[in-house]
Amino acid sequence: MKTVIIKYNAGNIRSVDFALKRLNMESEITDDHEKIRRADKVIFPGVGEAKSTMDHLRSQGLDRLILQLKQPVLGICLGMQLMCDESEERNASCLGIVPVRVRRFGGPVKVPHMGWSRITGLRSPLLEGVPEGSYVYFVHSYYVPDNQYSIATSSHGVSFSAAVQREHFYAVQFHPEKSGRTGERILKNFLSL
Amino acid sequence: MPAKRIIPCLDVKEGKTVKGIRFEDIRDVGDPVEMGKRYSEEGADELVYLDITASHEKRKTLPELVRNIAANLNIPFTVGGGVSNLEDARVLLEAGADKISVNSAAVRSPDLIDEIARNYGSQFVTLAIDARQEEQGWHVYINGGRVETGKELFDWAREGQERGCGEILFTSMNHDGAKRGYALEALDELSQSLSIPVIASGGAGSREHFAELFTGTHVDAALAASVFHYQEIDIPQMKNYLNHQGIEVRL
């Protein structure tokens, strides 16, 4: 089985690759359309800024490619936000898989939301075997509001969607590759979908 | 609010872990990758690796070490001590560091903070500040506490936030190595006056010091080195203790 990690102008995508290798899974970081199309599983990671990342994806035709994929796709962090309609981050227009607008944290809470928070309301094969209330590692300043495709919820001043699933598109706001044993379980679940 | 983070700090010299007592008297305590894994399994929430190798040597050794750590660790880690320009930051990012911390180089050229934040995001850059309380307040020092900068702690931290760092790591030089507790008052003022997370450093000697830090201030995380390295504090036991004190920690 072959897992592909989409390569684009984002930070620290290597750590996802390392995490898969720790699980003894074969993976490759690539922006080659043919390789992405043929992969069994596709991971769409990301740390970075929404607008410039979307511009980059469009310039490479990766936006259309992602929407055409039929195999399970996992968005991570910015990858989840880019799956939404649009983002408050420089008013980026995004992929439109999840029909919500990504918002910035405000109010009295510390931004970025950085650290380990609990996830609840778990309901998806992606989160099978993960106990309700498990801690996972988040680093983000923008969040996906709760919506009809949420499969996990967390909170930081406001309640927000920690993970979504729409058909074969899955996404998590936290970093499974940095979330200890819980994160490993989630990656394993994704790889066995 | 996320759980309060417990962060062991590993000082690294020429690829090996050491810990200085009050920045001097260095003793070898082990392999950085193995120690990191051990801490992660014990429940550390994050790790900080601080490279104290002389700068001309570290360009060779640090990226390789960071790759090794990233390949083996399943929790986040910060790398400090090796970053004096944007290129250093890029190399460490590509090696797999989750965050880097800047200290002396940021004091010398504050634009470095803006540049790293703009290119790699605020979450990637932690501003580390060493400061000592003197008669007229808290003075910022660089070069491992040897050079006074003329900057004041709270002003510098605010400036760092405005320039785009994602976190402040504040070490009280008065408290570091003394094991009599953290600089509670300054830490609380700092964490209340900033909108980004604050990591407390310097002074941990017992689990009670962590408890008073988290109940008495608004800081987000506690960093310590020797109490963990010399096994004076056991992380799982301490986290259970903190939990019993009503402090949210990841168990």
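When reading the values below, keep in mind they use all heavy atoms of this one structure, side chains included, and skip hydrogens, waters and symmetry mates. Throughout, a chain's letter reflects where its sequence line sits, starting with A, and its residues are numbered from 1.
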When heavy-atom pairs shorter than 4.5 Å are enumerated against chain A, which of [options] gives the highest number?
{"options": "B/S195, B/S40, B/S191", "answer": "B/S195"}
{"options": "B/P197, B/A3, B/A71", "answer": "B/A71"}
{"options": "B/A70, B/G166, B/G121", "answer": "B/A70"}

(request) Against chain B, work out which of A/H113, A/H175, A/K21, A/R118 has the most heavy-atom pairs shorter than 4.5 Å and name it. (result) A/H113

(request) Just give me the residue among A/G180, A/P108, A/S134, A/P176 that pairs up with chain B most often, heavy atom to heavy atom, under 4.5 Å. (result) A/G180

(request) Please tell me if the side chains of A/K110 and B/H218 come closer than 4.5 Å, counting only heavy atoms from C-beta onward. (result) no

(request) Kindly indicate whether the side chain of A/Y137, heavy atoms from C-beta on, has any atom under 4.5 Å from the side chain of B/P76. (result) yes

Would the number of heavy atoms belonging to other residues, nucleotides or ligands and lying under 6.0 Å from [atom1] of [X] be above 12?
{"X": "A/E88", "atom1": "CD", "result": "yes"}
{"X": "B/M1", "atom1": "CE", "result": "no"}
{"X": "A/R64", "atom1": "CZ", "result": "no"}
{"X": "A/R181", "atom1": "CZ", "result": "no"}
{"X": "A/R103", "atom1": "CZ", "result": "no"}

(message) Please give me the minimum heavy-atom distance between B/N74 and A/E184, naming the atom from each residue.
(response) ND2-OE2, 2.9 Å

(request) Looking only at non-hydrogen atoms, find the nearest pair between B/R67 and A/F18 and report the distance. (result) O-CZ, 3.8 Å

Which portion of [X] sits near chain A, non-hydrogen atoms under 4.5 angstrom:
{"X": "B/D220", "value": "side chain"}
{"X": "B/R90", "value": "neither"}
{"X": "B/R5", "value": "side chain"}
{"X": "B/E167", "value": "side chain"}

(request) Kindly compute the distance separating CH2 (A/W116) from CD (B/E46), expressed to the nearest 0.5 Å. (result) 9.0 Å

(message) Measuring from atom OG of A/S179 to atom CZ of B/R250, what distance do you get when rounded to the nearest 0.5 angstrom?
(response) 8.0 Å

(message) Evaluate A/M114 against B/I196 for side-chain contact (heavy atoms from CB on, under 4.5 Å), listing each step before the verdict.
(response) CA-CA 9 Å; A/M114 188 183 285; B/I196 55 175; over 6 Å; no

